[in-house]
Amino acid sequence: KDLDEVAGMIRGVDLILVEGYKMAQKPRIEIVRSEKGRNIISPPEYLVAVVTDIPDLAAPAPVFSFEDHPQVADLIVERFLMNPGAGQEL
């Protein structure tokens, strides 16, 4: 099933987080691990943030380390829950 179909089955929530769906045209946080390479595969227009173990990784979105999970959570809240009109909706 595509992401829109799956999301359409979910009711009564403020936010849906999923893994996969690389081809979906939706906002995303990409994980980049050094053992898999340095390439960011998400289109810049959908990239909200990158979480990585590569300290100097250049990205067209904010970059966080794996230890920065509180800041990633803050970004999600600010972008999608505090001001939902500013983020992309499903």
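Everything quoted here is computed from the prediction, not taken from an experiment.
Between F66 and R33 the shortest side-chain heavy-atom distance falls below 4.5 Å. The shortest side-chain heavy-atom distance between M9 and K1 falls under the 4.5 Å cut-off. Residues L15 and I76 form a side-chain contact, since some pair of their non-hydrogen atoms from C-beta on lies under 4.5 Å apart. Between V32 and L57, some side-chain heavy-atom pair lies under the 4.5 Å cut-off. Side-chain contact check for K26 versus Y46: every heavy-atom pair is 4.5 Å or farther apart. Between T52 and F64, the closest side-chain pair of non-hydrogen atoms is not below 4.5 Å. Considering only heavy atoms from C-beta on, E30 stays 4.5 Å or farther from V51 through its side chain.
Residues V63 and I31 do not share a hydrophobic cluster, clusters being chains of Ile/Leu/Val/Met/Phe/Trp/Tyr side chains in contact below 4.5 Å. Following chains of ILVMFWY side-chain contacts shorter than 4.5 Å, one can reach Y21 starting from V13, so the two form part of one hydrophobic cluster. Both L17 and M82 are part of a single hydrophobic cluster, where members link through side-chain heavy atoms under 4.5 Å apart.
The CZ atom of R28 lies 8.0 Å from the CG atom of L47; values are rounded to the nearest 0.5 Å. Interatomic distance, CG of D74 versus NE2 of H69, reported as 11.5 Å (0.5 Å rounding). Note: I54 CD1 to S65 OG = 12.5 Å, rounded to the nearest 0.5 Å. Expressed to the nearest 0.5 Å, how far CG of D14 lies from CZ of F80 amounts to 13.0 Å.
Pairing each heavy atom of A24 with each of L3, the nearest pair is CB-CD2, 3.9 Å. Closest non-hydrogen pair, P60 versus P44, comes out as CG-CB, 4.1 Å.
D68 places no side-chain N or O within 3.5 Å of a backbone atom of Q71 that could act as its donor or acceptor partner.
Remark: E19 CD is loosely packed, at most 12 non-hydrogen atoms of other residues, nucleotides or ligands lying under 6.0 Å away.
Electrostatic pairing of D53 and K36 does not count as a salt bridge here, judged by no charged N lying under 4.0 Å from a carboxylate O.
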